[in-house]
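Contents: one structure, followed by commentary.
The model shown is predicted, which means the values in this text are computed figures rather than measured ones. In what follows, chains are A, B, ... by sequence order, proteins preceding strands, each numbered from 1.
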Amino acid sequence: MSTRYPLIHESEYSWRIDPSGKMRVPAIIYADETLIREMDDKVFEQLCNVASLPGIVQAAYAMPDAHWGYGFPIGGVAAFDPDEGGIVSAGGVGFDISCGVRALRTGVSIDEIEPVKKQLADALFRHVPVGVGSTGRIHLNDKGMQAMLRGGAQWAVEQGFGDPADLEHIEERGCMRGAVPEEVSERARTRQQDEMGTLGSGNHYLEVQRVAEIYDQRIATAFGLKENDAVVFIHCGSRGLGHQIGTEFLKYMVLAAGKHGIDLPDRELACAPINSELGQSYLGAMRAGINCALANRQIITHLTREVFAEVVPMADLTLLFDVSHNTCKVEEHLVEGRQRKLYVHRKGATRAFGPGNREIPETLRAAGQPVLIGGSMGTESHILAGSVEGAGLSFNSACHGAGRAMSRHQATKRWRGRALVDELADRGILIRSPSMRGVAEEAPGAYKNVRAVVDAAEKAGLAHKVARMEPRVCIKG
DNA sequence: ATGTTC
């Protein structure tokens with residue numbers, strides 16, 4: 001338990017730090033007592049810094065999986081009002097712009113996967129580029145890059161990657177409006193030109209999973225899920241392009257803070273007013289980064305379908321949903337009885353719209369938005385659904401994963417990648433990765449208990465549990 | 001997260 005921060009135990013699953021010093025609003029953390037106790041004080045410090053940024057509305061929020069990040073905590077949510085001097089922050093979105101998860105149904109049960117599991121693992125590993133600096137089969141020229149940055153997954157579908165029906169099941173229907181490719185630097189584009197359709201490294205992965213447990217039969221049916229189904233989770237982002245945009249704008253925002261009259265509590269919280277040239281430039285570039293990530297996951301989906309067509313020909317991969325968890329999006333929210341247009345930063349946090357929201361595809365609308373929670377390698381993943389009450393809690397946001405409990409460096413000292421892979425293989429979980437060091441960094445023990453995180457999210461009211469998945473094959477960055 | 005320290 002933090003000794004340095006006065007945490008008020010507001011309700012069983014929420015904690016509050018009242019404003020003091022430069023804080024304009026409270027900080028609110030959704031977690032159970034164990035998760036709170038294990039949170040680094042740095043999370044509270046960073047959240048209080050966020051709460052002191054200009055134009056912040058209501059509170060700075062942390063999800064149950066929150067951990068220390070660059071400036072903003074990962075698992076942080078904060079909304080800003082442009083009419084009250086509100087800001088946009090590159091650190092509040094994160095370096096991997098629009099990193100996210102998509103879930104595919106396969107139309108087959110895990111029993112049809114198990115006999116060919118090894119072939120499937122090997123074929124996916126051969127066919128889906130993975131690892132640091134990995135490149136793909138697509139090479140974009142200037143014109144192609146521009147079209148991709150403007151069109152996102154819609155562009156990818158036009159290029160023959162996937163089905164037009166996929167688009168309905170992607171946030172923003174696969175294409176983020178307001179993207180300005182011209183705001184993306186030459187260097188960012190160059191870094192990306194050969195990286196479309198690649199997973200990348202770190203915590204990114206492609207998993208084949210088994211639906212192990214259904215928590216809500218009605219919603220699971222609406223989502224087309226039943227026990228023992230095989231599903232595919234793809235977790236990746238905007239690769240070198242997003243990283244380069246983040247790096248550059250962070251620098252510009254630090255340099256311009258004085259000019260904008262912003263007193264930064266932490267350099268890493270560099271930001272610019274939404275109503276400023278720099279703020280608008282960043283938003284245009286960031287939205288292009290979102291399209292890059294949406295296109296990337298769409299292409300990887302196509303590659304996955306190609307592998308399944310060879311190895312599991314009876315499978316039919318359909319998109320359940322695609323969610324981004326590193327974004328800043330303009331949304332209308334009811335605050336103190338007034339509908340306001342806010343710039344909602346979610347960094348390591350998933351949008352979780354409740355039933356009826358028009359952003360949700362029609363076929364899923366009555367059930368609520370699918371909230372996809374990727375666990376750590378070798379542990380379970382979860383699907384939840386956005387709740388009605390989530391609107392009043394954290395601008396319709398929920399957790400995004402298990403959340404790290406230990407640094408990458410600590411993890412490499414404690415575990416050996418090869419031993420982990422062998423151990424998981426004994427449990428029938430096949431890991432394929434180009435980097436054994438990467439595997440050690442991603443050891444399940446380096447993460448929080450994802451079930452505790454998901455339970456806290458549900459009990460806090462952020463989202464509703466639908467299904468739990470366990471991994472069978474994992475292609476790991 | 002990241003051509004893993006431009």
Side-chain angles (χ1 to χ4, degrees), chain A residues 46 65-76 89-101 129-136 138-140 145 184-206 234-252 254-255 268 270 285-286 288-290 292-294 296-297 300 323-328 345-350 374 376-377 400-404 406-413 417 433-443 446-447 475-477:
Chain A
Q46 291 190 322
D65 53 340
H67 55 110
W68 170 15
Y70 189 94
F72 276 58
I74 296 164
S89 165
V93 170
F95 284 90
D96 190 4
I97 294 168
S98 200
C99 180
V101 179
V130 58
V132 175
S134 51
T135 54
I138 299 162
H139 311 286
L140 292 179
M145 178 64 64
V184 178
S185 71
E186 190 67 41
R187 193 169 179 188
R189 294 160 185 239
T190 307
R191 281 183 70 169
Q192 193 61 31
Q193 59 192 7
D194 301 321
E195 288 194 344
M196 295 310 295
T198 66
L199 270 178
S201 63
N203 62 1
H204 292 168
Y205 60 77
L206 186 159
I234 296 167
H235 178 202
C236 62
S238 52
R239 306 286 287 109
L241 182 126
H243 190 266
Q244 189 64 31
I245 293 171
T247 304
E248 290 169 8
F249 276 93
L250 214 72
K251 194 173 61 187
Y252 302 149
V254 170
L255 293 173
E268 292 185 359
M286 183 211 57
I290 289 179
C292 176
L294 297 180
N296 196 28
R297 290 195 286 275
I300 293 171
V323 289
S324 297
H325 49 231
N326 282 357
T327 59
C328 172
H345 293 63
R346 294 188 182 87
K347 181 187 189 181
T350 305
S376 56
M377 177 185 64
H400 82 307
R404 288 201 81 88
M406 191 185 287
S407 73
R408 293 182 176 278
H409 183 68
Q410 277 176 295
T412 54
K413 286 199 287 189
S433 175
S435 164
M436 282 307 126
R437 181 181 142 190
V439 168
E441 288 180 352
E442 291 294 315
Y447 280 82
I475 311 303
K476 187 81 193 145

Quiz item: If each of A/Val132 and A/His204 is mapped to the nucleotide of DNA chain B with the nearest heavy atom, which maps nearer the 5' terminus, i.e. the 5' end?
Solution: A/His204

Practice problem: Check the distance between B/dT4's P and A/Leu199's CG and give it to me in whole angstrom. | Solution: 18 Å

Quiz item: Counting any heavy atom closer than 4.0 Å, what does A/Gly438 reach on the DNA or RNA strands: base, sugar-phosphate only, or nothing?
Solution: nothing

Quiz item: A/His400 and A/His235: aromatic ring centres closer than 6.0 Å?
Solution: no

Quiz prompt | Separation of atom CD in A/Gln244 from atom P in B/dT2, rounded to whole Å | solution = 13 Å

Quiz item: Over how many whole Å does the gap from A/Asn296 atom CG to B/dT2 atom P extend?
Solution: 10 Å

Practice problem: Can you see which heavy atom on A/Cys328 is nearest to which on A/His345, and at what distance? | Solution: SG-CE1, 3.7 Å

Quiz item: Contact class for A/Ser238 vs. all strands (heavy atom < 4.0 Å): base, sugar-phosphate, or nothing?
Solution: nothing

Quiz item: Is any side-chain heavy atom of A/Arg437 less than 4.5 Å from a side-chain heavy atom of A/Glu441?
Solution: yes

Quiz item: To the nearest angstrom, how far is A/His243 atom NE2 from B/dT5 atom P?
Solution: 9 Å

Quiz item: Of the non-hydrogen atoms in A/Pro434 and A/Gly131, which two are nearest, and what is the gap between them?
Solution: CG-CA, 3.9 Å

Exercise. Measure from NE2 on A/His409 to P on B/dT4 and round the result to the nearest Å.
Key: 18 Å

Quiz item: Whole-Å distance between B/dT4 P and A/Arg437 CZ?
Solution: 11 Å

Exercise. Let me know the distance between CG of A/Asn326 and P of B/dT2, rounded to the nearest Å.
Key: 11 Å

Self-check item: Below 4.0 Å: OP1/OP2 of B/dT2 and any side-chain N or O of A/Ser201
Solution: yes

Self-check item: Residue A/Arg187, side-chain atoms from C-beta onward, closest of B/dC6, B/dT4, B/dT2
Solution: B/dC6

Quiz prompt | Atom-to-atom span, CZ of A/Phe95 to P of B/dT4 - whole angstrom | solution = 14 Å

Exercise. Please work out if A/Gly237 contacts a base, only the sugar-phosphate, or nothing of the nucleic acid, heavy-atom cut-off 4.0 Å.
Key: nothing

Exercise. For A/Leu241 and A/Cys292, work out which heavy atoms get closest and say how close.
Key: CD2-CB, 3.9 Å

